[in-house]
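The structure presented is a predicted model; accordingly, all values stated were derived computationally and were not measured. Values below: every heavy atom of this structure, side chains too, minus hydrogens, waters and symmetry copies. To find a chain, count down the sequence lines: A is the first, B the second, and so on, and within it residues start at 1.
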Amino acid sequence: MDKTEQVIEIFKRLKEIYTIRIFEGKDPYKVLIRTILSQRTRDENTDQATANLFNKYPDINSVANAPVEDIEELVHPAGFYHVKAARIQEVSQIIIDEYDGVVPDNMKELLDLPGVGRKTANCVLVFAFCKPAIPVDTHVHRISNRWGLVDTSKPEQTELELMKIVPKDMWIELNDIMVQFGQTICKPTSPQCGDCPLIGLCAFDNG
DNA sequence: AAAACGGGGGC
DNA sequence: GCCCCAGTTTT
């Protein structure tokens with residue numbers, strides 16, 4: 001079994017457990033903002049902050065024009081709220097001023113936005129625009145190495161290796177399914193190998 | 001290369 | 001009460 005066959009079989013098993021979530025109806029602006037809020041932040045807190053924000057300020061113009069203190073309070077559950085509130089308004093204003101209110105759909109322009117790094121840009125590309133991209137966060141990086149799919153020390157190396165191994169039609173669901181797996185079973189510390197459905201497909205020794 | 005930003009959850 | 005976490009920017 002080569003690595004492509006391995007990852008296909010792994011995902012087949014994981015998809016029996018997890019359902020892929022499509023965030024915010026794929027509205028590029030909401031995907032972008034939610035992804036910024038998700039940085040270094042767990043799902044529940046990300047969801048709460050995102051709901052707080054868009055419930056009161058449902059579009060890019062209202063977010064950009066809101067008092068910063070109000071944005072801070074709404075996104076507070078996501079943590080890093082001073083930084084994130086400022087970035088969100090800064091990003092919104094830039095998109096209004098320079099892109100006519102439309103989120104750019106290419107890596108270069110996304111990376112130019114404040115608070116947007118490679119992982120966030122890839123999330124927007126693949127979730128909002130269905131473009132081929134693999135967002136590599138700490139879950140994807142850690143788990144890819146545990147499976148023996150890659151042998152990398154930096155997330156960007158992992159991204160390049162995964163692009164060679166994983167069939168393109170799986171890229172859109174890769175990040176979400178691995179995050180769910182990483183939160184519940186293949187945890188950063190103390191992975192629950194006894195409950196893992198990937199016995200026989202994973203190189204990681206729980207010892 | 002390392003610090004800083006932060007609340008919430010696990011133990 | 002301490003340690004860890006869906007990154008990015010700044011020093």
With rounding to the closest Å, how many angstrom separate the [atom1] atoms on [N] and [M]?
| N | M | atom1 | value |
| --- | --- | --- | --- |
| C/dA6 | B/dC11 | P | 14 Å |
| B/dG6 | C/dT11 | P | 15 Å |
| C/dG1 | B/dC5 | P | 22 Å |

Dot-bracket pairing map - DNA chain B, Watson-Crick plus G-U, both contacts under 3.5 Å, | cross-strand: |||||.|||||
Heavy-atom closest pair, residues [X] and [Y]:
| X | Y | result |
| --- | --- | --- |
| A/V126 | A/P135 | CG1-CG, 3.9 Å |
| A/Q89 | A/V63 | NE2-O, 2.9 Å |
| A/I165 | A/L149 | CD1-O, 3.3 Å |

Within this structure, what is the [atom1]-to-[atom2] distance between [X] and [N], rounded to whole angstrom?
| X | N | atom1 | atom2 | value |
| --- | --- | --- | --- | --- |
| A/L37 | B/dG6 | CG | P | 13 Å |
| A/R87 | B/dG6 | CZ | C1' | 15 Å |
| A/M178 | C/dC5 | CE | P | 16 Å |
| A/R34 | C/dA6 | CZ | P | 13 Å |
| A/R40 | C/dG7 | CZ | C1' | 7 Å |
| A/I88 | C/dG7 | CD1 | C1' | 14 Å |
| A/L111 | C/dG7 | CG | P | 16 Å |
| A/L74 | B/dG7 | CG | P | 15 Å |

Scan residues 150-173 of chain A for pairs that pass ring pair (Phe, Tyr, Trp, His ring centres under 6.0 Å), counting only residues two or more places apart or in two chains. none
Does a nitrogen or oxygen in the side chain of A/H82 sit under 4.0 Å from OP1 or OP2 of B/dC5? no
Distance test, side-chain N/O of A/Y81 to OP1/OP2 of B/dG7, below 4.0 Å: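 A/Y81 to B/dG7 OP1/OP2: side-chain N or O found under 4.0 Å.
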At under 4.0 Å between heavy atoms, what does [X] touch on the DNA or RNA strands: base, sugar-phosphate, or nothing?
| X | value |
| --- | --- |
| A/T138 | sugar-phosphate |
| A/P155 | nothing |
| A/V179 | base |

Given that A/D137 and A/T189 both sit by DNA chain C, which one's nearest nucleotide is further toward the 5' end?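 Going by which nucleotide is closer to the 5' end, it is A/T189.
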Polar-atom pairs under 3.5 Å, protein N or O versus N or O of nucleotides 8-11 of chain B: list them with distances, or write none.
{"residue": "B/dG8", "atom": "N2", "partner": "A/R42", "partner atom": "NH1", "Å": "2.9"}

Tell me which one of A/T50, A/I33, A/L37 satisfies side-chain contact (heavy atoms from CB on, under 4.5 Å) with A/V75.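 That would be A/L37.
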What I want to find out is whether A/K30 reaches A/D59 closely enough, with some N-O distance under 4.0 Å, to be called a salt bridge.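 Salt bridge: no.
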State plainly whether the residues A/E16 and A/K12 are in salt-bridge range, i.e. N to O under 4.0 Å.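 No salt bridge links A/E16 with A/K12.
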Residues forming a side-chain contact (heavy atoms from CB on, under 4.5 Å) with A/I8, sequence neighbours excluded: A/T4, A/P167, A/M170
Using salt bridge (charged side-chain N to carboxylate O under 4.0 Å, His left out) as the criterion, point out the one residue from A/R118, A/K164, A/K154, A/K119 that pairs with A/E159.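 Looking at A/R118, A/K164, A/K154, A/K119, the match for A/E159 under the salt bridge (charged side-chain N to carboxylate O under 4.0 Å, His left out) is A/R118.
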Please identify each residue that fulfils ring pair (Phe, Tyr, Trp, His ring centres under 6.0 Å) with A/Y81, with sequence neighbours left out. A/H76
Strand-adjacent residues in residues 113-123 of chain A, judged by heavy atoms under 4.0 Å from DNA chain C: A/L113, A/P114, A/G115, A/V116, A/G117, A/R118, A/K119, A/T120
